[in-house]
J.: 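Below: one structure in structure tokens.
Keep in mind that what you see is a predicted model, and the values were worked out from it rather than measured. Basis for what follows: all heavy atoms, side chains included, without hydrogens, waters or symmetry-related copies. For reference, positions follow the sequence shown, starting with 1.
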Amino acid sequence: MNDAINSQGANLLFYHSFIAFGALLSLVMLVHMLYHRRSPSAIIAWILSITIIPYIAMPLYFIIGLRKRKNRYKKSALFKSQTFTHRMGNETFTLYTDGVAFYEAFMDCIKEAKRSISISAYIFEYDKTTKEIIKALVQKADEGVEIKILLDSLGSIFLYFTWYRLRVLKNAGVKVKFFMPIFQMPLRNYINLRNHRKIYIFDNEKVLSGGANLSDAYLGAVHTKERWEDIMFLVQGVSVRDYFDIFASDWFYASGEKMHFTHKKQEDYGENLLQVIPSGPDMNQDILYEMLLSNIYQAHNKITIITPYFIPNSSLMEALIIAHHRGVDVKLITPKEANHTIVNIARSSYMRELEEAGIKIYLYNGAMLHAKAILFDNESVLLGSVNFDNRSLFLNYEVATFVYSSKIIQEIEIWSDGLMANSSLGTKNVSALKRVFENLMRIIAPQL
């Protein structure tokens, strides 16, 4: 009898200790989030997670929940002076909304390079298209061109685990580095903070940037029905230095090697006015996010958002709905089916909320729409690697470019009209139970 009582008492003590320790962990996590000024939506999402599954949520928070960390392993801030806020005139700005045209431009840039090539990509697959790219890069390396390739270790995980496929590049003298290698220096590598930037620089004179990675899915010598819809652009002019500085900062973090801008001084002139805005854990402030909000609130006539992933925070949702109530024509163009099922579920409640407020939702019926562009009136267009979601705006290392050019804006409008013509208008009706489930997904949406 006494043994049974003692056993019951021990179990009760263990239970209360278990609950108390979970509560302590939750309190530590909450204090940590408040200290680091996490957004209200993120705090609510994490609190709900630790309430339901505290011993799973707690370690996950310290693996994937942090972004602007302060410790000796952190990538140093890109630009302490925040100088990337000025419009600068450039000689050339060319859009590519076709994977074949982009491939031809990319290969031409490689062939014409005389001194250096710098490539930063999130995804680099090993396929028919990239084999041709590798072959062209080896040839340029043999000619004495200095080539650096920076790949995200998670985005390019297949190559990360089959590094021998890159041996031909390394044997030719090409320097290849992986950003935050998954299994190296574990205290330094935060699996949730990925380099999503796409920057391709040639001779420090011209740069290709935008949303496209390097694989058959994004570009190639011939058209395919499966190829994703994306948008890229080529810049020649003073803004090339901005892209170089971003790449050089990332390269130094990955390799420890400093880069120097070797090119004649370029003047701030040309009709193509650009602002190059990096964002991510290496920025002291969320400048891109603040500029995005500011532009939404300042828009007078129209806002057209083209994005593959639409999972905004409450401030962006409120800004879009207020813009619509002010009479701004707000449109969202996004894939009918994204390439991740969980994204399809998580985005639904946000799209329905906008639709119920009167905002038009266009679901693109073609191949996966991976392009990122936001039009503000006839004043500017935002292009680059940034999706309209929390991950891109607050976690990933990204680069965006504001373009102030009536010619480019008109080209983007014509292209977006084509997307809408191949889209279905509005979300489909679903059951009340599915709506509840979609709304519950907002709990984890900030972490996607």
J.: Look at R197 together with D282 and state whether they make a salt bridge at an N to O cut-off of under 4.0 Å.
T.: yes
J.: Which pairs count as ring pair (Phe, Tyr, Trp, His ring centres under 6.0 Å) when at least one residue sits in residues 203-237, sequence neighbours excluded?
T.: F93-F233, Y218-W228, Y218-H370, W228-H370
J.: Please list, chain by chain and in numerical order, all residues satisfying side-chain contact (heavy atoms from CB on, under 4.5 Å) with Q410, sequence neighbours excluded.
T.: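 Applying side-chain contact (heavy atoms from CB on, under 4.5 Å) to Q410 gives I414.
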J.: Just grab all the ring pair (Phe, Tyr, Trp, His ring centres under 6.0 Å) pairs involving residues 281-329, residues at least two apart or on different chains.
T.: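 Non-adjacent pairs meeting ring pair (Phe, Tyr, Trp, His ring centres under 6.0 Å): Y289-F394, F310-F388.
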J.: Only counting residues at least two apart or in another chain, list the ones meeting side-chain contact (heavy atoms from CB on, under 4.5 Å) with K128.
T.: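 So K128 forms a side-chain contact (heavy atoms from CB on, under 4.5 Å) with D216.
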J.: Applying side-chain hydrogen bond (donor to acceptor under 3.5 Å, both in side chains), can you list everything that pairs with K331, at least two apart in sequence or on another chain?
T.: D329
J.: For E379, what residues pass the side-chain contact (heavy atoms from CB on, under 4.5 Å) criterion, not counting sequence neighbours?
T.: D377
J.: Only pairs at least two apart or in different chains count here, so list each salt bridge (charged side-chain N to carboxylate O under 4.0 Å, His left out) that has a residue in residues 299-323.
T.: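 Every salt bridge (charged side-chain N to carboxylate O under 4.0 Å, His left out) pair that includes a residue of residues 299-323, provided the two are not neighbours, is K302-E413.
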J.: Please list, chain by chain and in numerical order, all residues satisfying side-chain contact (heavy atoms from CB on, under 4.5 Å) with A323, sequence neighbours excluded.
T.: I296, I303, R326, V328, V330
J.: Hey, could you give me each pair passing salt bridge (charged side-chain N to carboxylate O under 4.0 Å, His left out) that has a residue in residues 395-409? Not counting sequence neighbours.
T.: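 Residue pairs passing salt bridge (charged side-chain N to carboxylate O under 4.0 Å, His left out), neighbours aside: K407-E411.
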J.: Is the distance from the ring center of Y397 to that of F179 below 6.0 Å?
T.: yes
J.: Taking only residues two or more places apart in sequence or in another chain, which ones pass ring-ring contact (aromatic ring centres under 6.0 Å, His included) with F124?
T.: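 Not a single residue meets the ring-ring contact (aromatic ring centres under 6.0 Å, His included) criterion with F124.
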J.: For K148 and E146, run salt bridge (charged side-chain N to carboxylate O under 4.0 Å, His left out): C-alpha distance rounded to whole Å, both residues' side-chain angles, the deciding distance at 0.1 Å, then the answer.
T.: CA-CA 7 Å; K148 294 180 174 66; E146 184 180 16; 2.7 Å; yes
J.: Determine yes or no for a side-chain-to-main-chain donor-acceptor pair under 3.5 angstrom, with N396 supplying the side chain and H196 the backbone.
T.: no
J.: Run the ring-ring contact (aromatic ring centres under 6.0 Å, His included) test against F402 and tell me which residues pass, sequence neighbours left out.
T.: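 So F402 forms no ring-ring contact (aromatic ring centres under 6.0 Å, His included) with any residue.
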J.: Please name all residues satisfying ring-ring contact (aromatic ring centres under 6.0 Å, His included) with F244, sequence neighbours left out, ordered by chain then number.
T.: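 With sequence neighbours excluded, F244 shows a ring-ring contact (aromatic ring centres under 6.0 Å, His included) to F261, given in chain and number order.
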J.: Checking the side chain of D203 only, and the main-chain atoms of E205 only, is there a donor and an acceptor separated by less than 3.5 Å?
T.: no
